[in-house]
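Okay, so here's the structure we're looking at.
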Amino acid sequence: MRSAMYTFVEDFRAEGTAAVLDRVLGTYGCDTVTVAAAYHRARDVTPHGPARVTLRGDGVHFSPPADLFDEARLIPPVQPGALEEPLRELRGTTAERGAHLHGWTVFLHNTTLGLAHPDVTQENCFGDRAAPADLCPAHPDVRAYAVALARSVARQGVDAVVAESLHYGTFGHGYHHERSFVALGAWEEFLLGLCFCAYCVRAAEGRGVDARKARAEAVSMTVGVLDGGAPSSGDLSDLDGLPEPVAAYARARRDTVTSLAAEVAEAVADEGSELVFLDLTGAAKGYGDGLPTGALAADDAWRIGVAPAAVGAVVPGYGLLAYARDPARIGADTAAYRAVLPDACSLRTVLRPGLPDTTDAGALAEKAAAATGHGGADAVDFYHYGLLPYPVLDRIPVALGR
Ligand SMILES: [Zn+2]
Ligand SMILES: [Zn+2]
């Protein structure tokens, strides 16, 4: 079973590259290291230290190449220690051990860039720029940034660039201290996360959508709860549940994301690597408790502007985050993506070996089998080396049958 382990540069720096590779490639039996090359702000409990709680900033673990960024408006912040080029070192050491190296790249989720350049962030139906973490995939400067970032990660010599957040953000996670004392239903929350910036509007209009009507409809559907009305009931169901102008507007976003994925994939291929597109829908559904409900992730990807079949046609690899306790759900989620992705597009299923999804090694083994059985995923990946206690990581070799 092919398998990658998600890691941070900080894990290697803290524990020593050889010691971490001994565990990941030797003890656990993974064949690929997926390391964060461009990451976002976080405060993480890191159980096997030496820092037991780690603060991370937005930014990249390399020097942004001058030819890609000298003329650019959006330049990635640089992480501490980037000048030591830790990814190049890791490329060398993983190659010596015959392992693959993937560069995990967070693209459009970047609070530092969003706060410095509010005009490139998502704008809601009321005209508020209130999602500094979510750069809009329709904005030309953001698209140029994504292509340059992808090229620069590929140039680190990685076998694949794993793209996180190369799509629209959601209202529930647009900043890092969100508050709402208004009861928002699932539909109101979705509508508040829709971007109506000039570029999104232009893109929708280019597809024959009446963006003005869509915006007015989004306002009228949301303003009710803000005025004290009852929130919409139930989970987000099919997009067809929305009035047509908004549904058409939300559908149009998928073309924006597909064309961006295509541009980025082409740039990555041009640098001699290949793109794996991570679809965060499964994480959005099961992140908190591992109990996703309602439709399978593939059928709900429209919530972040993703059409899996269309994206799969322009990228060589696709990843789904199967954040669920139930192995049957993981099997079904994987099968649903496999069914719509073209044969040429490989599929990776990402599992969480511990809280809140998995209780023991047997359960993890069941999930890995569910993901890869019946011609499902080509690989099972584990999230995440630095965030899990050693006894939880020890479930991985059992799951991989090592
Ligand atoms: Zn975030
Ligand atoms: Zn926009």
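Start at 1 and go down the list; that is how both ligands and their atoms are numbered. Just so it is clear, the model here is predicted, and its values are computed rather than measured.
- Taking 4.0 Å as the cut-off between side-chain N and carboxylate O, D255 and R207 count as a salt-bridged pair.
- Below the 2.8 Å limit, the Zn ion (ligand 1) has as protein N, O or S neighbours H109 NE2, H173 NE2, H176 NE2.
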- Message: Under the criterion side-chain contact (heavy atoms from CB on, under 4.5 Å), I'd like the reasoning laid out for R91 against D159: C-alpha separation, chi angles, the key distance, then a yes or no.
- Response: CA-CA 9 Å; R91 173 66 284 182; D159 300 296; 2.9 Å; yes
- Message: Under the criterion ring-ring contact (aromatic ring centres under 6.0 Å, His included), I'd like the reasoning laid out for Y6 against Y385: C-alpha separation, chi angles, the key distance, then a yes or no.
- Response: CA-CA 6 Å; Y6 280 79; Y385 176 80; over 10 Å; no
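- Annotation: cation-pi pair R352/Y383 absent, no NZ/CZ under 6.0 Å from the ring centroid and within 45° of its normal.
- At a threshold of 4.0 Å, the pair R97-D22 counts as salt-bridged, since one of the basic side-chain nitrogens sits closer than that to a carboxylate oxygen.
- The cationic atom of R215 (NZ for Lys, CZ for Arg) does not lie both less than 6.0 Å from the six-membered ring centre of F126 and within 45° of the ring axis.
- Taking 2.8 Å as the threshold, C197 counts as a candidate ligand of the Zn ion (ligand 2), since one of its N, O or S atoms lies below it.
- One finds an angle of 120° at the Zn ion (ligand 2) between SG on C136 and SG on C195, to the nearest 10 degrees.
- Using a cut-off of 4.0 Å between Lys/Arg side-chain N and Asp/Glu carboxylate O, D357 and R329 are scored as not salt-bridged.
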